[in-house]
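Keep in mind that this is a model prediction, so the values were computed, not measured.
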Amino acid sequence: MLLKPSSMPSDEAKYKALVCVSIGQHPQSGRERRADQDGRAVEMGLNLQGRQLVDLSVVHAGQATSPVLRQYAGMGLSCMTVLSQHQGDDALSAMLDYVKDQQADFLLMGTRSETGESSGLLPYLLAEKLGWPLVPRIAEIQSIEKGVAQILLALPRGQRRSVAVSLPFVATVDNAATAARQTAFGPGMRANIEVVESLSAIDQEASEWQFQPAKARSKRMKVVKAKSAADRFKAATAKAAGGGGKVMKNESVEEKANAIFDFLLEEKVIR
């Protein structure tokens, strides 16, 4: 019988995976929902757990009363952890302390949240504070063996790149990852949600910001795509030949500005 050296890690050893989820928002109705990329991160963790590679834990920093948490639990989680925070608190410090306490081997998150600042900086800040590498936009974790994860990165135009990353690390999950499974109402309601009190740390910078609904994008002006010099000359002179243009040389600055303003109104660039 061939025995492995005691110093060599066992291939069957389970690693500690932690998934951080947030409260999403439906793009049309605006209702709170399971965030799409966070759901894909949980799906990835459940698949690894099903292959006996990891022990999965799911955590949320916010308010435990949100019904959206039951949507995550309904994916097949027996329990979730909520780091209790007030509205406007900074999730960075609470998440940082929790990850250290759990001694996680790697952390999965969405690329950016669907509500709040949605800056996508939290994974980078966590990785910097922990001193871990950040692996952006992953599509799949193929294997974890002897402390090294084989990861597929999602590149533009459907391309993939395989990289080997040593644990621990922080990874953001791309839309190319496997879609989240349907959530079951009954198991979601029966799941245990453990609330952990965390230190309140108000985000001072965000508290001074003013939020307002985004404005519609300005209309782009028509661009003539001419391939030859003759086409470009024809396009340049077409307006004058039609009698719609006006050459202004000796007018005052105010008259020229008014003419430009009237033209932008006519083209519906401004309203």
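Around atom NZ of Lys129, no more than 12 heavy atoms belonging to other residues, nucleotides or ligands sit under 6.0 Å away.
At least one donor-acceptor pair closer than 3.5 Å links the side chain of Arg40 to the backbone N or O of Ala177.
The side chain to side chain contact (heavy atoms under 4.5 Å, CB included) test with Tyr72 singles out one residue from Ile193, Thr183, Val21, and that residue is Val21.
Pairing each heavy atom of Lys256 with each of Lys249, the nearest pair is NZ-O, 3.7 Å. Between Trp132 and Phe106, the closest heavy-atom pair is CZ3-CA, 4.4 Å. Contact record, Val54 with Lys14: O-CD, 4.2 Å, taken as the closest heavy-atom pair. Residues Leu130 and Val170 come closest through the heavy atom pair CD1-CG2, 4.4 Å.
Annotation: side chain to side chain donor-acceptor pair (under 3.5 Å) contacts of Asp90 (sequence neighbours excluded): none. Taking the ring-ring contact (aromatic ring centres under 6.0 Å, His included) definition, one finds that Tyr98 meets it with nothing, sequence neighbours left out.
Pairs passing the side chain to side chain donor-acceptor pair (under 3.5 Å) check and including a residue from residues 56-67, sequence neighbours excluded, read Lys16-Ser57.
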message: For a side chain to side chain contact (heavy atoms under 4.5 Å, CB included) check, start with the C-alpha distance between Arg34 and Met75, then their side-chain angles and the critical distance, and finish with the verdict.
response: CA-CA 11 Å; Arg34 178 181 62 179; Met75 295 175 65; 3.3 Å; yes
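For the residue pair Glu114 and Ser22, no side-chain donor N or O sits within less than 3.5 Å of a side-chain acceptor on the partner.
Looking only at side-chain heavy atoms (C-beta outward), Leu46 and Leu77 come within less than 4.5 Å of each other.
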